[in-house]
Participant: 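Shown below is the structure under consideration.
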Amino acid sequence: MSCSLMHLLEEDDRTFEMDDYAGPVARWCSGCGDHSVLTSVQRVLAAADAKPERTVFVSGIGCSSRFPHYLRTYGFHGIHGRALPLSTGVKLSRPELDVWVVMGDGDCVSIGAGHWIHAVRYNVDMTALMLDNNIYGLTKKQTSPTTPQGYASNTQPYGSWLPALNPLEATLGVTNASFVAQTAEWLPAHLMATLQAAHAHEGFSWVRILQRCPHFTADLFGDVVKDPSRVELLVHDERGIQAPALDRMIEHRVTHDPLDLDRARELARPSDRIRLGLFYHDPSLPRYEETRELPRHTVTEKMALLEQELDRHAV
Ligand code: SF4
């Protein structure tokens, strides 16, 4: 390593702007909510002066899973439903990295559902975002687990047969869930505050972001975007998500202590209004990475261990 690079890493007082994280122009549809989430994530990174070379975005497959391509950080565009095991592997082998995971609803709560449940329980320190547009967009309007019952798609043209899965209730039902929040990409003040709180949490932060897909489900969130009285904010003076910019815009609020898991589960049930905020947050819960000391080997040591292991099986 050169002396100048050593110096850079040891005395690193660099600061960053949003542009420092900007990659190529995103190829999502015009008006897609993914653009808004990308902008907010860049803001959060800049506000935290997150070092691009210490930041990793991992994704699966879906429109939102193109996220890593549009950020100038490290990235891993994985395979469908496997973003969480990949990101868990990254974090366990490189604990010094700041790991983010971006998934869609199909990716996280359908094909990746087994990984989702266990990632919540393992509580490894990373920030997981589920961008929920209630449909498979990349594969052209197929019913996903969060598609509302009766909503027509190309796979169920007479309407989705089953009631939609409620990812909030399910996540709050998993043992050892430590940070569960819901926000909406069309409310950037709330989105930004939620992402900052999730990023600051030491443990597995799971954030469901309601996301518009104007191409395939323009009617799903259209009314609620135009009518803020359809939204209710969970608020708490000390432990909630603070978004003062919404004080005049959203009148409906419910006070909720995010340490109260039973109440969080009640509030997560379907209601007349969409509830946004921090449902549950307990930073004291155990994290998987704390349960064991991971050996740190040099490349030479790793090769020697590998040879040793192979020799054991030689016949
Ligand atoms: Fe966004 Fe929908 Fe277009 Fe996909 S299909 S990029 S989710 S608007």
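The structure presented is a predicted model; accordingly, all values stated were derived computationally and were not measured. Order of appearance sets the numbers: ligands from 1, and atoms from 1 within every ligand. Heads up: numbering here begins at 1 and tracks the sequence.
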Participant: Does the ring centre of F67 sit less than 6.0 Å away from the ring centre of W100?
Facilitator: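 When the ring centroids of W100 and F67 are compared, they turn out to be at least 6.0 Å apart.
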
Participant: Taking the six-membered ring for Trp, are W186 and F221 ring centroids under 6.0 Å apart?
Facilitator: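 Ring centres of F221 and W186 closer than 6.0 Å.
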
Participant: Under 2.8 Å from atom 2 (Fe) of ligand 1, which protein N, O or S atoms are there? Could you list them by chain and number?
Facilitator: C213 SG

Participant: Above 12 or not: heavy atoms from other molecules or residues under 6.0 Å from CE of M18?
Facilitator: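 Atom CE in M18 is packed in, count exceeds 12.
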
Participant: Check this for me: does any side-chain nitrogen of one of E251 and R253 sit under 4.0 Å from a carboxylate oxygen of the other?
Facilitator: no

Participant: Do any N or O atoms from the side chain of S205 and from the backbone of T127 form a donor-acceptor pair under 3.5 angstrom?
Facilitator: no

Participant: Could you tell me which atoms of ligand 1, counted from 1 in the order shown, lie closer than 4.0 angstrom to a heavy atom of Q211?
Facilitator: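 What qualifies from ligand 1 is 7 (S).
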
Participant: Is it true that, when you exclude D272 itself, more than 12 heavy atoms of the residues, nucleotides or ligands shown sit nearer than 6.0 Å to its CG?
Facilitator: no

